[in-house]
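These notes concern the structure reproduced below.
Numbering starts at 1 and runs along the sequence shown.
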Amino acid sequence: MPEAPDTELVLITQARSGDEKARAHLVQQYWMPLYQHLQSRTQRPEDAEDATVIAFTKALQSLDQFDDQYAFSTWLFRIGQNSLTDLHRAQKGDTLSMDDERIGEAIRAILVERPTAVLSPEEELVRKQRHDAVHEVIGQLKEHYRQLVELRYLKERSYEEIATELQMPLGSVKAKLSRARGLLASLFRSSPL
């Protein structure tokens with residue numbers, strides 16, 4: 001049952017200041033309503049789930065843009081609908097601003113890069129922050145997508161090796177990796193990376 005607006009505003013204010021409990025409470029309160037809303041707009045439950053993850057990621061990273069004069073649910077559901085639309089477009093391959101493989105190569109470059117020269121403390125801090133941020137974004141993927149991304153871009157396995165290791169048809173590996181990269185693209189667009 002939705003909380004009273006004043007309580008919700010307190011939660012949002014706390015979440016904006018970085019209170020993880022308040023953020024978790026917002027996710028817990030709105031996860032199922034948003035998921036059900038998105039599921040009613042797609043034939044594929046996994047799309048609804050992916051769009052829900054993306055929507056919460058975007059919403060929590062842009063809480064400062066939320067206008068308190070409107071209901072939080074209205075704002076969140078709009079982000080969710082836009083995320084679902086973006087996801088469907090990405091699946092058709094017509095709007096991803098970054099090429100699938102470029103996303104993968106960027107991930108690999110950040111995660112497995114070995115500095116060729118001694119870095120200054122500031123450079124090392126930036127490198128570590130980028131590394132941690134990419135891990136955080138990958139960590140937002142569902143387990144089966146995360147596993148594929150790690151095998152392909154961290155362990156540098158070929159599609160064929162992944163198919164053998166996971167006992168999965170080669171076509172499924174390629175399709176799921178493409179889907180994972182689409183999700184990563186959406187998450188990266190909403191990330192301060």
Side-chain angles (χ1 to χ4, degrees), residues 1-98 103 107 129-130 132-150 175-193:
M1 178 148 204
E3 295 185 32
D6 287 345
T7 305
E8 186 173 274
L9 288 177
V10 169
L11 267 178
I12 291 168
T13 300
Q14 291 171 335
R16 280 176 173 154
S17 67
D19 184 328
E20 291 301 322
K21 285 184 180 177
R23 289 171 171 254
H25 190 85
L26 286 171
V27 171
Q28 184 178 26
Q29 182 175 343
Y30 287 104
W31 182 275
M32 192 52 69
L34 177 60
Y35 173 75
Q36 290 172 340
H37 170 75
L38 296 174
Q39 192 175 27
S40 72
R41 284 162 170 69
T42 182
Q43 300 288 323
R44 302 173 56 160
E46 62 269 22
D47 286 353
E49 187 174 344
D50 291 344
T52 302
V53 171
I54 294 167
F56 272 108
T57 302
K58 289 178 179 176
L60 293 176
Q61 289 177 345
S62 6
L63 275 175
D64 289 339
Q65 297 173 21
F66 169 65
D67 185 342
D68 296 348
Q69 295 180 355
Y70 301 100
F72 179 75
S73 60
T74 303
W75 183 69
L76 179 64
F77 280 39
R78 179 172 296 139
I79 293 172
Q81 183 61 51
N82 290 340
S83 297
L84 184 62
T85 301
D86 289 346
L87 191 63
H88 285 161
R89 286 181 182 158
Q91 290 168 352
K92 292 177 184 173
D94 60 353
T95 62
L96 269 180
S97 60
M98 290 194 291
I103 294 168
I107 292 168
Q129 287 175 336
R130 284 188 348 184
D132 292 348
V134 169
H135 265 291
E136 185 179 323
V137 170
I138 291 173
Q140 294 173 30
L141 294 174
K142 288 189 281 188
E143 175 59 31
H144 59 278
Y145 291 136
R146 186 172 45 247
Q147 183 183 29
L148 287 167
V149 167
E150 289 173 351
K176 287 186 176 192
L177 261 170
S178 177
R179 188 177 178 84
R181 287 187 295 254
L183 288 169
L184 285 172
S186 295
L187 293 171
F188 281 126
R189 278 196 291 267
S190 61
S191 165
L193 275 175

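- Using cut-offs of 30° and 60° for the angle between ring planes, the W31 and F56 rings count as parallel.
- Around atom CD of E46, more than 12 heavy atoms belonging to other residues, nucleotides or ligands sit under 6.0 Å away.
- Interatomic distance, CD of Q147 versus NZ of K176, reported as 10.0 Å (0.5 Å rounding).
- Between D47 and R41, none of the side-chain N atoms (NZ, or NE/NH1/NH2) sits under 4.0 Å from a carboxylate O, so this pair counts as no salt bridge.
- Nearest heavy atoms, S73 versus Y30: CB-CE2, 3.7 Å.
- Closest approach of I138 and V149 over heavy atoms only: CD1-CG1, 4.1 Å.
- Interatomic distance, CD of E8 versus OG1 of T13, reported as 10.5 Å (0.5 Å rounding).
- With rounding to the nearest 0.5 angstrom, the CG atom of L38 is 4.5 Å from the OG1 atom of T52.
- Looking only at side-chain heavy atoms (C-beta outward), F72 and L11 stay at 4.5 Å or farther from each other.
- Here the closest heavy-atom approach between residue R16 and residue F66 is recorded as NH2-O, 2.7 Å.
- Looking at heavy atoms from C-beta onward, R179 lies in side-chain contact with D50 at the 4.5 angstrom threshold.
- Heavy atoms only, all atoms of each residue included: R146 and G139 are closest at NH1-O, 3.1 Å.
- The local environment of CD in E143 is crowded, with over 12 non-hydrogen atoms from other residues, nucleotides or ligands closer than 6.0 Å.
- Smallest separation of non-hydrogen atoms from A55 and L76: O-CD1, 4.3 Å.
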Derivation and outcome, side-chain contact (heavy atoms from CB on, under 4.5 Å), residues T7 and H25: CA-CA 11 Å; T7 305; H25 190 85; over 6 Å; no

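- Going from atom NZ of K58 over to atom CG of L63 covers 14.5 Å, rounded to the nearest 0.5 Å.
- The shortest heavy-atom contact between Y35 and A48 is CE1-CB, 3.7 Å.
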CA sep, side-chain torsions, deciding dist, call: D68, W75, side-chain contact (heavy atoms from CB on, under 4.5 Å): CA-CA 10 Å; D68 296 348; W75 183 69; over 6 Å; no

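- The distance from the CG atom of L60 to the CZ atom of R23 is 5.0 Å, given to the nearest 0.5 Å.
- Atom-to-atom distance recorded for Q28:CD and K21:NZ is 12.5 Å, nearest 0.5 angstrom.
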